[in-house]
Amino acid sequence: MKIVNVILSGGVGSRLWPLSRKARPKQYLPIFEGKTLFQRTAIRNQEFCDQILVVGNADNYHLSRKDLDGAGIQEFQEIIEACPRNTAAAIAFAAFALQPEDILFVTPSDHLIHADGTYAAAVYRAIQLAKQGFLVTFGLKPTHPETGFGYIEFQGEEVLSFREKPDFETAQSFIEKGNFYWNSGMFCFQAGVYLEELKSFEPELYAASKIAWEGSKEGKLELELSLQIPSISVDYAVMEQSKKVKVVPAQFQWSDMGSFESIYEYLEAQGHPKDENGNMVIGTPVHTEFTGMKNTLLIQTEDAILVLQREKAQDVKKVYERLEKEKPDLI
């Protein structure tokens with residue numbers, strides 16, 4: 001039995017445009033004390049795992065290889081998806097590549113985590129539960145009524161329900177009730193247990209993923225077979241339906257770095273300059289003045305400038321989606 005860190009690295013990071021692009025998604029930006037989020041993920045989990053397995057895609061696997069080399073990690077396995085088919089299939093590929101008793105510690109590659117003793121305690125507890133045949137998710141104590149995350153209703157380590165991304169009032173009620181966690185998107189389970197549950201709840205997805213995996217060559221999946229796989233998240237496909245789910249409370253510092261709100265808070269903590277009204281410039285040394293504006297970010301790259309209010313950080317995805325149609329060369 002091995003413990004394998006399955007690093008999911010297929011995300012685009014559309015809410016961090018123009019820093020994050022299809023050619024260089026947010027997990028590969030070296031702006032976190034000189035390292036990328038991908039590198040920090042791989043380094044952080046070496047303590048707990050015997051092996052690294054990266055599930056990436058045809059557009060970015062070379063970036064993963066470069067980052068692992070830069071982090072001094074030479075030994076790893078990789079699965080290269082021909083096209084994005086969401087997390088249920090990505091994890092299934094990893095499970096097919098390993099032995100049924102192997103434990104998958106599934107982590108996104110774009111989270112910023114303070115890996116202290118509380119992180120280690122949560123991971124070790126999750127591994128312990130996974131060995132007992134449970135599907136483990138990690139629940140993070142909410143610090144504010146966030147509308148961009150899913151929530152887990154809990155009692156101890158029991159999961160009572162999963163809740164979709166709520167509106168503000170609903171999120172506020174979750175905070176007040178006190179028995180809701182943020183859904184971190186991190187999981188831990190045996191490969192065989194995951195595949196059994198996936199086959200039970202989503203037989204079409206299981207079968208199509210198995211066919212695609214069996215048709216792969218040296219870890220590279222073929223496009224035509226991949227397109228037959230339903231695109232469903234692991235939460236929908238398995239976690240919300242299984243009776244084998246446990247939640248481990250996670251007390252560690254965490255951010256999904258999913259918006260410029262998160263980037264702002266991180267850079268602010270690192271001492272990045274801002275003016276007296278909370279305005280911040282990212283990506284250019286050009287002297288910039290803000291007049292009549294508060295909590296505004298100006299983000300500049302070689303070919304694009306984004307100006308936004310901090311509280312509208314989630315709306316950047318709409319800009320990305322519009323540019324995808326109107327100016328695809330900018331994404």
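What's counted below: heavy atoms across the whole structure, side chains too, no hydrogens, waters or symmetry copies.
- For the pair Glu289/His287, a side-chain contact is recorded, criterion being any heavy-atom separation below 4.5 Å from C-beta on.
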Q | Derivation of the ring-ring contact (aromatic ring centres under 6.0 Å, His included) call for Phe38 and Phe32 | A | CA-CA 10 Å; Phe38 181 93; Phe32 301 93; over 10 Å; no
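- A 6.0 Å sphere centred on CD of Gln132 holds more than 12 heavy atoms belonging to other residues, nucleotides or ligands.
- For the pair Asp59/Lys22, no side-chain contact is recorded, criterion being any heavy-atom separation below 4.5 Å from C-beta on.
- To the nearest 0.5 Å, atoms CD1 (Ile3) and CD1 (Ile103) are separated by 5.0 Å.
- Glu321 CD to Glu326 CD: the interatomic distance, rounded to the nearest 0.5 Å, is 12.0 Å.
- Interatomic distance, Ile152 CD1 to Trp182 CH2, rounded to the nearest 0.5 Å: 12.5 Å.
- Side-chain N or O atoms of Thr87 include one that pairs as donor or acceptor with a backbone N or O of Val234 at under 3.5 Å.
- With contacts defined as side-chain heavy-atom distances shorter than 4.5 Å, the pair Gln155/Asn179 does not qualify.
- Of all the heavy atoms in Val136 and Phe189, the pair that sits closest is N-CD2, 4.4 Å.
- The pair Arg15-Glu261 does not count as a salt bridge, with every side-chain nitrogen at least 4.0 angstrom from each carboxylate oxygen.
- A donor-acceptor distance shorter than 3.5 angstrom exists from the side chain of Asp275 to the backbone of Asn277, with no hydrogens or angles considered.
- Taking 4.0 Å as the cut-off between side-chain N and carboxylate O, Lys210 and Glu214 count as a salt-bridged pair.
- Taking the side chain as every heavy atom from C-beta outward, Arg44 and Tyr119 approach each other to under 4.5 Å.
- Remark: side-chain polar atoms of Thr36 are not paired, donor with acceptor, to backbone N or O of Leu29 under 3.5 angstrom.
- Side-chain N or O atoms of His272 include one that pairs as donor or acceptor with a backbone N or O of Val281 at under 3.5 Å.
- Asp167 and Thr170 share a side-chain donor-acceptor pair at under 3.5 Å.
- Formation of a donor-acceptor pair under 3.5 Å by the Asn60 side chain with backbone atoms of Ser9 is found in this model.
- Residues forming a side chain to side chain donor-acceptor pair (under 3.5 Å) with Glu176 (at least two apart in sequence, or on another chain): none.
- Ion pairing of Glu153 with Lys177 is absent here, as no side-chain N (NZ or NE/NH1/NH2) approaches a carboxylate O to less than 4.0 Å.
- A donor-acceptor pair under 3.5 Å is formed between the side chain of Tyr151 and the backbone N or O of Glu146.
- The shortest side-chain heavy-atom distance between Thr137 and Met239 falls under the 4.5 Å cut-off.
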(Q) Evaluate Leu140 against Phe252 for side chain to side chain contact (heavy atoms under 4.5 Å, CB included), listing each step before the verdict. (A) CA-CA 8 Å; Leu140 296 144; Phe252 50 84; 3.8 Å; yes
Q: For ring-ring contact (aromatic ring centres under 6.0 Å, His included), just list the numbers for Tyr320 and Trp17, CA-CA rounded to whole Å, side-chain angles, deciding distance to a tenth of an Å, and then say yes or no.
A: CA-CA 7 Å; Tyr320 182 95; Trp17 182 89; 7.8 Å; no
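- For the pair Ile113/Met186, a side-chain contact is recorded, criterion being any heavy-atom separation below 4.5 Å from C-beta on.
- Val55 and Ile52 fall into different hydrophobic clusters, defined by Ile, Leu, Val, Met, Phe, Trp and Tyr side-chain heavy atoms under 4.5 Å apart, directly or through other members.
- Here Asp303 does not pair with Lys327 in a salt bridge; the nearest charged N to carboxylate O distance is not below 4.0 Å.
- Enclosure of atom CD in Glu224 is not indicated, since only 12 or fewer non-hydrogen atoms of other residues, nucleotides or ligands lie within 6.0 angstrom.
- At least one side-chain heavy atom of Ile229 sits less than 4.5 Å from a side-chain heavy atom of Phe93.
- Counted by atom type alone, Asp235 and Ser233 present zero donor-acceptor pairs between their side chains at under 3.5 Å.
- A donor-acceptor pair under 3.5 Å is absent between the side-chain atoms of Tyr28 and the main chain of Ser20, judged by distance alone.
- Without hydrogens or angle criteria, Thr41 side chain to Leu37 main chain gives a donor-acceptor distance under 3.5 Å.
- Using modelled atom types, no side-chain atom of Gln77 and backbone atom of Gln51 make a donor-acceptor pair closer than 3.5 Å.
- The two residues Gly258 and Ser262 make their nearest non-hydrogen contact at N-OG, 3.9 Å.
- Ring to ring, Trp254 and Tyr181 are not that close: their centroids are 6.0 angstrom or more apart.
- The shortest side-chain heavy-atom distance between Gln74 and Asp69 falls under the 4.5 Å cut-off.
- Outside the 6.0 Å centre-distance limit, the rings of Phe162 and Tyr236 are not counted as a close aromatic pair.
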**Q.** Asn295 and Tyr264: CA distance, side-chain angles, deciding distance, side chain to side chain contact (heavy atoms under 4.5 Å, CB included) verdict
**A.** CA-CA 10 Å; Asn295 297 321; Tyr264 183 102; 4.3 Å; yes
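- Counted within 6.0 Å of CD on Glu311, heavy atoms from surrounding residues, nucleotides or ligands total more than 12; the atom is thus considered enclosed.
- Formation of a donor-acceptor pair under 3.5 Å by the Ser242 side chain with backbone atoms of Val238 is not found in this model.
- At most 12 heavy atoms of other shown residues, nucleotides or ligands fall within 6.0 angstrom of atom CD in Glu218.
- Listed here is the closest heavy atom pair of Phe180 and Phe154: N-CE2, 3.3 Å.
- Test Lys246, Lys244, Lys243 against Glu158 for salt bridge (Lys or Arg N to Asp or Glu O under 4.0 Å) and you get one pass: Lys246.
- Nearest heavy atom pair, residue Gly156 against residue Val247, reads O-CG1, 4.0 Å.
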